[in-house]
There are 2 protein chains.
Amino acid sequence: MTPRKPPTMADVARIAGVSPMTVSRAFKRDSSVSEATRSAILRTAEDLGYVFDSTASNLRSQKTDFVAVTIPSINNANFADTVGGLADGLKDRGLQILLGYTNYDILEEERLIEQLLRRRPEAIVVTGGRHTPRARRMLENSGIPVIETWDLPDKPIGHVVGFSNAGAVRRMVDHFVGQGLTRIAFIGGDADRDTRGTDRRAGFIAAMQALGLDASRLIAAGVPPISMREGAEAMARLLRDVPDTQAVICVSDLSAFGALSECQRRGVAVPADISIAGFGDYEIGSVCVPTLSTINPFPRDIGARAATLILEALEGRLSGPTISQITPELLIRDSSK
Amino acid sequence: MTPRKPPTMADVARIAGVSPMTVSRAFKRDSSVSEATRSAILRTAEDLGYVFDSTASNLRSQKTDFVAVTIPSINNANFADTVGGLADGLKDRGLQILLGYTNYDILEEERLIEQLLRRRPEAIVVTGGRHTPRARRMLENSGIPVIETWDLPDKPIGHVVGFSNAGAVRRMVDHFVGQGLTRIAFIGGDADRDTRGTDRRAGFIAAMQALGLDASRLIAAGVPPISMREGAEAMARLLRDVPDTQAVICVSDLSAFGALSECQRRGVAVPADISIAGFGDYEIGSVCVPTLSTINPFPRDIGARAATLILEALEGRLSGPTISQITPELLIRDSSK
DNA sequence: TGGGCCTTTGGTATCGTTACCTTTGGTCAC
DNA sequence: GTGACCAAAGGTAACGATACCAAAGGCCCA
C-alpha cells in the first residue's frame, strides 16, 4: 500500500472539471460561484477525502482566523468562563481560539506570547496588566488588537476589559466593618506571581489602614493559585495563631471553601464564630452550607466583551484604545450574615 | 506615519549580511550555524522587531507543531488535568496544543474535528470513543496519529488511553453491597449526550441487575454536564420520592457534592442516614465534610500517556495501534463509611 | 603538497492556496 | 444592433519560509 499524498485543490479542480480558483471560491462563503457548481465541487471534495489546507490559505491571505489567548491556568473555572464567553462571541465569525497558559508566571507569559505571535493571530487577549518589558514590546509592535483583561492596568497596551481587584476587596472590607467586625484577616498566596491575588491583598491592606484598622492578619497559604486544601491549612493556622479573628477574606472561593470546611471540622461556627468571604463567585459558593459571601467579577462577560472589542477592532469600527470597565457584584450570603 | 510591513527573514538576512537560509538556520535548534553568526542574527532580528512567521514555515515544511485536542467542556477540572498532562508532555518537543470543545455534542465534535484537521495538526486527541460516521472517516483518513481517551471504544480508530467507565461504577456498587447496602440510587444526566455519563449509568444498571438488585432508582438531573446545583436538586427529589434509599452514586464529584450539601441542608446525616459516592476525584471531594468516596481515573496520567504515545508515534517507534488501559482507583472516604 | 573530509554558508525551487486581473457569455435598455 | 453591465469562471503570480543540492574554506594526514 502506497501512502498516497493527500489531495489538493488542484486535484479536486481537475476531477470536478473546473479551475482551482473556482474550487477555492466554493470553499468560501460569499463568493460568486453558482450554487450548482459549488455543490458539485463540495461533493467531489468529500468523495476524494479532500481536507482544506489552512496553512496554505493562512500564508497567501495573511489571515489565520486565530485569536490568541493567555490565561494563568487552564484549571480555573473563572478563566474558563472568560474563554468560554470569548469563544462564543468569536465563533460566528469563524475565529478560533489559540490558547496558552502561563502558570501565573510572567516569564512564562513572555515565552508564550512570542510563541503565539509567531502563529500570526488576528488579535491577542492576555490576562492581567503586568508583563515583562520584552513581552510588552512584542505586544505593542504586533500590529494586532491587544486586549488586557481581569485588571485595570496603569498603562494599558491596547484595549482593556477589567475591574479593580483592590477596589472589589475594599467593598468586602467595608461590608464586614459595617457589621461591626474589625478584626479581619486575609488569606492569600505567599508570592507575587499571581498579580491579581497580590492586588487583592494590597486592596485589603489599603482598605484596613484607611479605616485605621490592623491590617497585619495576613495568612500566606502557599504558591498561587491557592487550592481548597491550602485554604483549609491557612484557616487552621489562623485559628491557632490569631483566634480572636472575627472575619476572613480569602483570595478566591476555592480557598474560602477550604477555610469553611476546616471550621466545620473543628466545630467553629460560621458565621457565628467567624465570618468568611471568598472571591470569584464559583459555583461551590452558592451550593455549600453555609453559602459563601463573595464577589462576582462576571468572568463570562469579560470574555464576551473582549470578543466584541476584537470584532469591532478588526472591522475598523474602533477609533482608539477602549477601557471596558466591569463592576463586580458584592454577594452577601450566609457565611457572613 | 506609514504602517510599514513587518520585516521578513530576507530583511534580517540583508541587514545581518548573510543569506536567508542562514537566518532560517539560526532560528532552528540543532542546525549548523556558528555560534557567532547565530547570535549576531538573533540580535539583528530582535533589533528589527522581527517575529518568526510560522505560517510560512508550516506550509513549506509541512509541519505545524500542533497537536489538536477535543474535550467536552473547557470548564471541567478532570479534562483540564488531562490537557495539562498532555501539554506538559509535549512542551519539550515544541508541540503546541490546539484546543476545541464539543459541549458534549458529537455533531459539534464533527464540525470541530474538521476545523482542527484543516490546520494540519501532527496528531489529534479526542475525548471519548463515540463519533459521527463522518467524524470517524475524517479521523481514519487524516494520516496522523489519532488517540481516543477517557473510554475503551469497541472499535478504536487508532490508539487509546482510557478505562471502562461502566467497570469503575461496578466496583463502587460492589463496595456498597459489601457493606450491606442494597437500596442504591444513581444520579446522572437525563440525556445521552455525555457518553461517559451514559456508560456509568449503564454500568450501574448492569452491576445491580447482576446482583439481583433493583436498578430502577435512577434520578435524571438535567442536561449534562450535571452541576452541583443539579446534584442538590436531584438529591432533594430522591429523598422525597424514594426515602428508603441507603446509598447513592453520582455521575461526578460535583453532583455528589451538591447532593451532600442538600443532605446537610435537610439534616440528613451522611453516611449514617445515606451514603454518597462521586466520580472523578475532584479536589472538593477530599476537602468537604464529610469527605467524598469517589473514583480516581487519573486524568493527568491520561494526558501524560497520550503525550508519550504521540511522541512515539511521530518518531515511528510504534508498530501498531496501542491500547493503554488506566486502572481507576476506588477511594473510600467518610461519605460511605 | 594534495586529496579526503567536515563545518559552515549560499542559491533555487517549492509548499497549496488566494489576490488581482482578465475573459466569457448572457441580459437589458435604448 | 450595440454598448453597458453583471455574474461566473479562469490565468498568473505571490505569500515567506525551508528542502535540497552545491560550494567554499579549513584541517588533518599521508
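Residue numbering restarts at 1 for every chain, and letters A, B, ... go by the order of the sequence lines. Remember, predicted model here, so these are calculated numbers, not experimental data.
The residue among B:Ala56 and B:Gly17 whose nearest nucleotide of DNA chain C is located toward the 5' end is B:Gly17. The residue among B:Thr55 and B:Arg25 whose nearest nucleotide of DNA chain D is located toward the 5' end is B:Thr55.
For B:Ser19, the side-chain atoms get nearest to C:dG10 when compared with the rest of C:dG10, C:dT17, D:dG11. In the set C:dA19, C:dT9, C:dG16, C:dG16 carries the atom at the smallest distance from any side-chain atom of A:Lys5. Taking every side-chain heavy atom of B:Thr22 into account, C:dT9 is the closest of D:dA17, D:dG11, C:dT9. Ranking D:dA8, C:dG16, D:dA19 by closeness to the B:Gln62 side chain, first place goes to C:dG16. When distances are taken from the side chain of A:Thr8 to each of C:dT17, D:dC20, D:dG16, the shortest belongs to C:dT17. Closest to the side chain of A:Lys28, from the set D:dG16, D:dC20, C:dT18, is C:dT18. In the set D:dA17, C:dT17, D:dG10, C:dT17 carries the atom at the smallest distance from any side-chain atom of A:Met9. Among the nucleotides D:dG16, C:dT9, D:dC20, the one closest to the side chain of B:Ser34 is C:dT9. Comparing D:dA17, C:dG11, C:dT18 by their nearest atom to the side chain of A:Phe52 picks out C:dT18.
Across the protein-nucleic acid pair, B:Leu59 atom CG and C:dG16 atom C1' stand 6 Å apart, rounded to whole Å. For A:Lys63 and D:dC15, the NZ to C1' distance is 15 Å, given to the nearest whole Å.
For the 3.5 Å distance criterion, the side chains of B:Thr55 and B:Asp53 qualify, holding a donor opposite an acceptor. For B:Ser54 and B:Ser57, the side-chain atoms include no donor-acceptor pair closer than 3.5 Å.
Counting any heavy atom pair closer than 4.0 Å across all strands shown, B:Ser32 reaches a base atom. Using a 4.0 Å heavy-atom criterion, one finds that B:Tyr50 contacts the sugar-phosphate atoms exclusively. Within 4.0 Å of B:Thr37, counting heavy atoms only, lie sugar-phosphate atoms of the nucleic acid but no base atom.
One cannot find a donor-acceptor pair under 3.5 Å joining the base of C:dT17 and the side-chain atoms of A:Arg60. Between the side chain of B:Arg120 and the base of C:dG16, no donor-acceptor pair under 3.5 Å is found.
Seen from the ring of B:Phe298, B:Arg305 does not count as a face-on cation partner, given the 6.0 Å and 45° thresholds.
Between A:Arg137 and A:Glu140 no salt bridge is recorded (no basic side-chain N to carboxylate O distance below 4.0 Å).
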